[in-house]
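To start, the structure itself, in structure tokens.
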Amino acid sequence: MLYKRLRMFGSCDYLRLWSDFFSFAQPMNQLKIHLYNQLKHKPSLNQINQIHAQIIVRSLGQTNNLIGALIQSYNAHGKLKSATKVFNKYPSQHPTFLWNLIIQAYSKTSFTEQSLHLFKQMLLIAGLHSSPVPDDYTFTFIITACSRQRTLLDCGKNCHTMVIKLGFDKNVCVGNALVSLYVVFSKTVSARKVFDEMPERDIITWTSLIKGYAMGGKIAEAEQLFVKMPERNEVSWAVMIAGYVGHKMYNDALRCFNDMLADDNMKPNEAVLVSVLSACAHLGQINQGKWIHFYIDRTRFPKSSNISTALIDMYAKCGKIEYAKQVFDRTEKRDLLTWTSMISGLSMHGLGKEALKMFTEMLADGIKPDNITLVGVLNACSHSGQVKEGISIFNNMEKLWRISPKLEHFGCLIDLLSRAGRLEDAFKAVKTMEMEPDDVIWRALLSACRTHGNVGLAERIIEHVKKTGGGGRLLLSNLHASFGQWDNVRRIRESNIQKEDDSTPGCSYIEINGVVHEFLAADKLHPQIMEITLKLNEVMKRISLDEDFDNM
DNA sequence: ATAGGGTTAG
């Protein structure tokens, strides 16, 4: 073992190691301090191995500090196996501190159960020798471990009980871990109870609870807490802004962001910028979006892949695909998210062929798509008439990338077939679906019936929907809408005015020369509606001319 | 000598 470890070094290190060993120039204590300081200085893996060898050679395995630092260093490099080996070997009796380190290390991996297993072992040994007693750190780690696995809520509750019995519930970090546990499992009431009973709270306590309310749809409560909390930091702002975005309250998100900027002590972090860019994208607020882009450049904000993704998405959704491409081209490390936002953006702009080319490049780069990438890709096929390619991707997605088609992929397929005029195939595909088709699918099919003038099939479809009873009134009204039968739509909507249907109609925004224009589905409220309609008719005419041209 | 809270893509 020792030999193996020594052989790993270059000859130079090897010599130095042995000259150290024979010199006895350094007293033992100084050596310990020296090694410890080296470990605390973010050593490379190679350096860690050397230090480890020194610890073996000099028999320093009983020095807790040193062993702890060694375990930490291995953890920092993701070498959990090596860390575990060290833990198992040294020292003969583990103090709580070392147990904590190894428990925490496992809680951060996907083997969270292992940290609970270690905790149980610790309790057993504690019963035998009464040596290592779990402390507030131990509980913080295992409660956090429980929040990371969907199956571990009950385990977390058991920890809560122990915490109360042992009196660790007075500790802020333990309390925060508990609040966060209940928030993760959407148990807002329990989270609130822990919060209320904590003897002292800090920013993290407040932020966790705000997140809980935001996740549970209680934005007003989240807002109240946010205003009431004694002090805020970037993370609290991020949680509040993301809460608004999550509830489509994009204007509130921007307002909140501006409030944040008004505070000179507060600098937006990555999470804030990503959320705000998403709000800009949804609102078509290109100016605010550009401002953030400038801000990122000016402050030399690190351009992570998340930031690039958000910028690409924002530009694409605000109609500036060229800018989106520019950001993409300048992105150094492209990951699945950057590729996906670029592919989806191109596809949204009808640039299906380019999007497919990108997809090929992405695969060549060795990046596997996920279900969202495939939605973009299938849409790209649909928008560029690449029917064969689309069908082949749909049929092979399971085999090639282990992604089983979900509702939205069926939606793309049906859209693809419908646009290509293969209406009967599309209807057949709907009937083979295992899940209930949503109204997006029916609308795709029906609007294609309209453009292809197939009234007979449209009627059969509406009959089918009525018979299978899926979707209800709103769906039916949408079906009429997709056929342009606005009178029927109005009739259905008005007859149900007091019913449960409180869904807001589709709404879109676009900013032109600094003015944001808002459009509701089928409204006629815009001051320039006449001009818009005329232009739209012209566009439609030219599209149908192009189609005729294609068919020749 | 080791804690606890954050974002995005159709």
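Since this is a predicted model, take the numbers as computed values, not measurements. Lettering follows sequence order; numbering is per chain, from 1. Just so you know, these numbers use all the heavy atoms, side chains as well, and skip hydrogens, waters and symmetry mates.
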Please give, in whole Å, the distance from [N] [atom2] to [X] [atom1]?
| X | N | atom1 | atom2 | result |
| --- | --- | --- | --- | --- |
| A:Ile296 | B:dT8 | CD1 | C1' | 13 Å |
| A:Glu200 | B:dA3 | CD | P | 18 Å |
| A:Phe168 | B:dA3 | CZ | P | 17 Å |
| A:Tyr213 | B:dG5 | OH | C1' | 16 Å |
| A:Trp99 | B:dT2 | CH2 | C1' | 15 Å |
| A:Ile312 | B:dA9 | CD1 | C1' | 10 Å |
| A:Asp335 | B:dT8 | CG | C1' | 11 Å |
| A:Leu273 | B:dT8 | CG | C1' | 12 Å |

Requested in this report: Kindly indicate whether the side chain of A:Ser341 and the base of B:dA9 share any N or O donor-acceptor pair separated by less than 3.5 Å?
Outcome: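 In this structure, the two groups form no donor-acceptor pair.
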Query raised in the report: Is a donor-acceptor contact shorter than 3.5 angstrom present between the side chain of A:Asn100 and the base of B:dA1?
Result: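 Side chain to base: no pair present.
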Kindly point out which of [options] is positioned nearest to the side chain of [X]?
| X | options | answer |
| --- | --- | --- |
| A:His282 | B:dT2, B:dG5, B:dA9 | B:dA9 |
| A:Thr144 | B:dT8, B:dT2, B:dG5 | B:dG5 |
| A:Ile203 | B:dT8, B:dG5, B:dT2 | B:dG5 |
| A:Val235 | B:dG5, B:dA3, B:dT8 | B:dG5 |
| A:Tyr36 | B:dG5, B:dT8, B:dA1 | B:dA1 |
| A:Ser275 | B:dG5, B:dT2, B:dT7 | B:dT7 |
| A:Ala271 | B:dG5, B:dT7, B:dA3 | B:dT7 |
| A:Asp313 | B:dA3, B:dG5, B:dA9 | B:dA9 |
| A:Phe141 | B:dA9, B:dG5, B:dT2 | B:dT2 |

**Report entry** Under-4.0 Å side-chain N/O to phosphate OP1/OP2 contact, A:Gln104 with B:dA3
**Finding:**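 Indeed, a polar side-chain atom of A:Gln104 lies that close.
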Requested in this report: Would you tell me if any nitrogen or oxygen in the side chain of A:Lys317 comes within less than 4.0 Å of OP1 or OP2 on B:dA9?
Outcome: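 Answer no for this pair, as no side-chain N or O of A:Lys317 is under 4.0 Å from OP1 or OP2.
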Query - Among A:Gln326, A:Met342, A:Met348, side-chain contact (heavy atoms from CB on, under 4.5 Å) partner for A:Ile321 - result: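 Per the side-chain contact (heavy atoms from CB on, under 4.5 Å) rule, the option paired with A:Ile321 is A:Met342, out of A:Gln326, A:Met342, A:Met348.
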Query - Identified side-chain contact (heavy atoms from CB on, under 4.5 Å) counterpart of A:Asp136 within the set A:Asn171, A:Val163, A:Asp169, A:Leu166 - result: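 So, applying the side-chain contact (heavy atoms from CB on, under 4.5 Å) to A:Asp136 and each of A:Asn171, A:Val163, A:Asp169, A:Leu166, only A:Asn171 qualifies.
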Is [Y] paired with [X] through a side-chain N to carboxylate O contact shorter than 4.0 Å?
| X | Y | value |
| --- | --- | --- |
| A:Asp196 | A:Lys193 | no |
| A:Glu354 | A:Lys325 | yes |
| A:Lys211 | A:Glu221 | no |

Students often get this wrong, so: under 4.0 angstrom with heavy atoms, is [X] touching a base, only sugar-phosphate, or nothing?
| X | value |
| --- | --- |
| A:Asn233 | base |
| A:Val172 | base |
| A:Asn371 | nothing |
| A:Asn65 | nothing |
| A:Gln72 | sugar-phosphate |
| A:Glu270 | base |

Query raised in the report: Under the ring-ring contact (aromatic ring centres under 6.0 Å, His included) criterion, do A:Trp339 and A:Phe359 qualify, and how do the steps go?
Result: CA-CA 8 Å; A:Trp339 282 103; A:Phe359 183 52; 9.4 Å; no
Report task. Starting from the C-alpha separation in whole Å, work towards a yes-or-no answer on side chain to side chain donor-acceptor pair (under 3.5 Å) for A:Tyr315 and A:His293. Result -> CA-CA 10 Å; A:Tyr315 280 130; A:His293 194 174; 2.8 Å; yes
